[in-house]
Peer 1: 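I'd like to ask you about the structure that follows.
Note that the coordinates shown come from a computational prediction; the quantities given were computed from them, not determined experimentally. Only heavy atoms go into these numbers, but all of them, side chains included; no hydrogens, no water, no symmetry mates. Letters A, B, ... mirror the listed sequences (proteins, then strands); counts begin at 1.
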Amino acid sequence: MGRVVFHIDVNSAYLSWESAWRLQHGETVDLREQIAVVGGDEEKRHGIVLAKSIPAKRLGVKTGETLMEARRKAPGLIVVPPHYDLYMTCSGAMRDILAEYSPAVQQFSIDEMFLEYTGIERLYGPPLEAAHNLRERIKEELGFTVNIGVAENKLLAKMASEFQKPDRVHTLWEREIPHKMWRLPVGELFMVGIRTEIKLRRRGVETIGQLAAMEPDTLKSWFGKYGTMLWQYANGRECSEVGAWTPVKGIGNSATISFDVVDPDEAERILLALSETVALRLRAHGSCARLVSVHGRTHDFRGFQRQHMFHPPTDHTGEIHRRTVRLLHEVWEGQPLRHMGVRVSELVSNDFWQCSLFESERERERALDRAVDSVRSKYGPGALFRSCFLHTGIAPLMGGVSGEDDYPMMKSLL
DNA sequence: TCTGGGGTCCTAGGACCC
DNA sequence: TCTGGGGTCCTAGGACCC
């Protein structure tokens with residue numbers, strides 16, 4: 001018997017979790033059976049669909065589209081706000097169940113996990129039997145349904161879990177590729193996004209099968225390295241391990257502001273709030289960054305980005321903030337900003353160079369960062385914040401999706 | 001009219017060095 | 001003095017995933 005991998009995918013994750021929680025707390029209506037979505041707050045300009053029910057999907061509602069668009073397709077649409085902390089809890093509970101079955105479980109996202117089933121048959125039976133057992137257990141114990149894809153590698157398992165939904169187990173063994181995968185539209189292949197789909201279709205490639213039958217060199221000439229990968233995926237070839245550990249490459253936080261930012265002082269304050277969050281996470285990770293970048297989106301949805309290399313690397317809030325301010329001013333010509341972000345990457349371990357730096361001013365600032373971190377970890381992130389945020393309407397730590405419940409926005413006096 | 005937040009990887013071009 | 005190739009570093013931008 002060869003390799004067996006499961007891909008477990010929570011059906012309509014945010015909406016299912018929201019619904020399961022509500023049913024457990026006395027609600028009688030199951031959102032999954034309604035024309036409903038989980039969506040962001042339109043007043044904060046977060047008004048997109050994060051998850052949709054199957055009845056909403058039937059009306060053409062898509063993840064990522066605006067709530068306006070969704071309502072036009074589905075009049076009377078029920079929109080409920082997200083609760084990210086709940087979703088983390090649900091995700092963790094599912095991971096705990098999976099861990100009982102296999103030592104190799106890989107979290108791919110909050111609602112998708114891979115499980116290596118190779119060599120586990122003598123404990124939990126043939127793959128299909130085990131997959132159904134797992135699917136039932138999650139439904140019984142946690143109250144939400146999953147699709148499970150069963151195959152010889154991660155790519156095929158993931159493709160299999162996308163077949164008919166919800167609450168299903170599908171296989172996509174190599175011998176099943178021609179009739180189960182090759183007839184699908186090329187855009188359904190993992191890693192074929194909208195841009196690549198358009199390019200492929202323009203060149204007459206409509207299905208995954210047609211992609212698989214192409215000359216790999218032709219694809220390479222069209223898309224470079226990426227083309228070679230696509231050809232392999234179309235042919236079901238992929239051999240990465242479940243749970244292969246990948247180090248964190250970068251840490252970033254960004255936020256869409258509920259109003260357009262035109263005041264430079266305000267922009268700098270937002271950069272400080274973002275830098276605080278990024279630097280806090282960077283230090284918690286035990287790293288220093290060589291690269292910092294600022295990115296943004298203007299009111300007309302044009303994006304920009306600018307970056308800078310540090311030598312030596314840093315994990316210092318003030319240094320990161322000061323640099324992001326400079327970078328912003330190098331590119332920003334005063335267009336109203338709707339979105340801003342700070343990101344660090346090229347991470348190195350911070351214990352390696354820490355001792356080599358003895359510039360006293362810097363050392364003092366570092367010590368201050370550490371002290372602030374320790375107060376925040378002890379009493380909560382909102383325990384301490386810079387007074388420049390008082391009365392500004394700007395949260396002192398910005399970015400992230402679960403933060404807003406923990407440290408509420410200051411009320412603006414304006 | 002309206003469009004989130006968090007990531008990864010690849011490419012292309014310019015500067016600089018040997 | 002003029003010319004070319006290859007390697008590295010850096011920056012901007014684009015593509016993909018959830």
Peer 1: Can you confirm whether or not the ring centre of A:Tyr101 sits under 6.0 Å from the ring centre of A:Tyr124?
Peer 2: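 Yes, ring centres under 6.0 Å apart.
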
Peer 1: For A:Thr256 and A:Gly250, find the nucleotide of DNA chain B closest to each by heavy atoms; which residue's nucleotide sits nearer the 5' end?
Peer 2: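 It is A:Thr256, whose closest nucleotide lies nearer the 5' terminus.
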
Peer 1: When you get a sec, tell me which of C:dC18, B:dG5, B:dT3 is the closest nucleotide to the side chain of A:Lys158?
Peer 2: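 In terms of side-chain proximity for A:Lys158, the closest of C:dC18, B:dG5, B:dT3 is C:dC18.
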
Peer 1: Sugar-phosphate atoms are those with a prime plus P, OP1 and OP2; base atoms are the rest. Using that split, label each nucleotide of nucleotides 7-16 of chain C B, S or - for protein heavy atoms under 4.0 Å, 5' to 3'.
Peer 2: ---SBBS-SS

Peer 1: Remember a base hit wins even if backbone is also touched, and classify A:Gly47 as base, sugar-phosphate or nothing at under 4.0 Å, heavy atoms.
Peer 2: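 Sugar-phosphate only.
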
Peer 1: Go ahead and name the base partner of B:dC9; Watson-Crick or wobble counts if both distances stay under 3.5 Å, otherwise write none.
Peer 2: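 Pairing partner, where one exists within any strand: C:dG14.
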
Peer 1: To the nearest Å, how far apart are A:Leu67 CG and B:dT1 C1'?
Peer 2: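 Value for this atom pair: 13 Å.
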
Peer 1: Nearest whole angstrom, please: distance from the P of B:dG5 to the CD1 of A:Ile251.
Peer 2: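 So the two atoms are 18 Å apart, to the nearest Å.
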
Peer 1: Using modelled atom types and a 3.5 Å cut-off, is there a donor and acceptor pairing between side-chain atoms of A:Thr171 and backbone atoms of A:Trp173?
Peer 2: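 No.
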
Peer 1: Taking only side-chain nitrogens and oxygens of A:Arg338, does any of them come within less than 4.0 Å of OP1 or OP2 of B:dG4?
Peer 2: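 So the side-chain polar atoms of A:Arg338 do come within 4.0 Å of the phosphate oxygens OP1 or OP2 of B:dG4, strictly under.
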
Peer 1: Look at A:Glu346 together with A:Lys249 and state whether they make a salt bridge at an N to O cut-off of under 4.0 Å.
Peer 2: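 Salt bridge between A:Glu346 and A:Lys249, a charged N being under 4.0 Å from a carboxylate O: no.
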
Peer 1: So, is A:Thr66 near the phosphate of B:dT1, with a side-chain N or O under 4.0 Å from OP1 or OP2?
Peer 2: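 The answer is no; no side-chain N or O of A:Thr66 sits under 4.0 Å from OP1 or OP2.
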
Peer 1: For A:Arg297, which contact category applies under a 4.0 Å heavy-atom criterion: base, sugar-phosphate, or nothing?
Peer 2: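 Answer is sugar-phosphate: A:Arg297 comes under 4.0 Å of backbone atoms only.
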
Peer 1: Specify the separation, in whole Å, of atom NZ of A:Lys44 and atom P of B:dC2.
Peer 2: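 So the NZ-P distance, A:Lys44 to B:dC2, works out to 18 Å.
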
Peer 1: Can you check the A:Ile270 CD1 to B:dG5 P distance for me, whole Å?
Peer 2: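 Checked: the CD1 to P distance equals 12 Å.
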
Peer 1: When syn is taken as a glycosidic angle within 90 degrees of 0, is B:dT1 syn or anti?
Peer 2: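 B:dT1: syn glycosidic orientation.
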
Peer 1: Is there a donor-acceptor contact under 3.5 Å from the side chain of A:Asp260 to the main chain of A:Pro336?
Peer 2: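 Absent.
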
Peer 1: Expressed in whole Å, how much space separates the P atoms belonging to C:dC18 and B:dT3?
Peer 2: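 Between the two P atoms, the distance is 23 Å.
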
Peer 1: If only side-chain N and O atoms of A:Ser254 are considered, is one of them under 4.0 Å from the OP1 or OP2 phosphate oxygen of B:dG4?
Peer 2: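 No, because none of the side-chain N or O atoms of A:Ser254 sits under 4.0 Å from OP1 or OP2 of B:dG4.
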
Peer 1: Does a salt bridge link A:Glu215 with A:Lys220, judged by any charged N lying under 4.0 Å from a carboxylate O?
Peer 2: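 So A:Glu215 does not pair with A:Lys220 through a salt bridge.
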
Peer 1: Enter syn or anti for the glycosidic conformation of B:dC2, syn applying to angles within 90° of 0.
Peer 2: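 B:dC2: syn glycosidic orientation.
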
Peer 1: To the nearest Å, give me how far apart CD (A:Glu42) and P (B:dT3) are.
Peer 2: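 Answer to the nearest Å: 7 Å.
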
Peer 1: For B:dC2 and A:Arg72 - does any side-chain N or O of the residue sit under 4.0 Å from the phosphate oxygens OP1/OP2?
Peer 2: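 No, no such contact exists.
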
Peer 1: Using whole Å, report how far CZ of A:Phe301 lies from C1' of B:dT1.
Peer 2: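 One finds 12 Å between C1' of B:dT1 and CZ of A:Phe301, rounded.
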
Peer 1: Nearest 0.5 Å, please: how far is CG in A:Leu86 from OH in A:Tyr14?
Peer 2: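 If I round to the nearest 0.5 Å, the distance is 11.0 Å.
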
Peer 1: Nearest 0.5 Å, what's the SG-CG distance between A:Cys288 and A:Leu347?
Peer 2: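 The SG atom of A:Cys288 sits 9.0 Å away from the CG atom of A:Leu347.
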
Peer 1: Mind checking the CG-CG spacing from A:Asn133 to A:Leu128? Nearest 0.5 Å is all I need.
Peer 2: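 That separation rounds to 12.0 Å.
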
Peer 1: Using heavy atoms to find the nearest nucleotide of DNA chain B for A:His339 and A:Met68 separately, return the residue whose nucleotide is more 5′.
Peer 2: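 The residue closer to the strand's 5' end, by nearest nucleotide, is A:Met68.
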
Peer 1: Closer than 4.0 Å, any side-chain N/O of A:Asn253 to the OP1 or OP2 of B:dG6?
Peer 2: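 It does, given that an N or O in the side chain of A:Asn253 lies less than 4.0 Å from OP1 or OP2 of B:dG6.
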
Peer 1: Look at A:His46 and B:dG5 and indicate whether a side-chain polar atom (N or O) is within less than 4.0 Å of OP1 or OP2.
Peer 2: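 Answer yes for this pair, as a side-chain N or O of A:His46 is under 4.0 Å from OP1 or OP2.
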
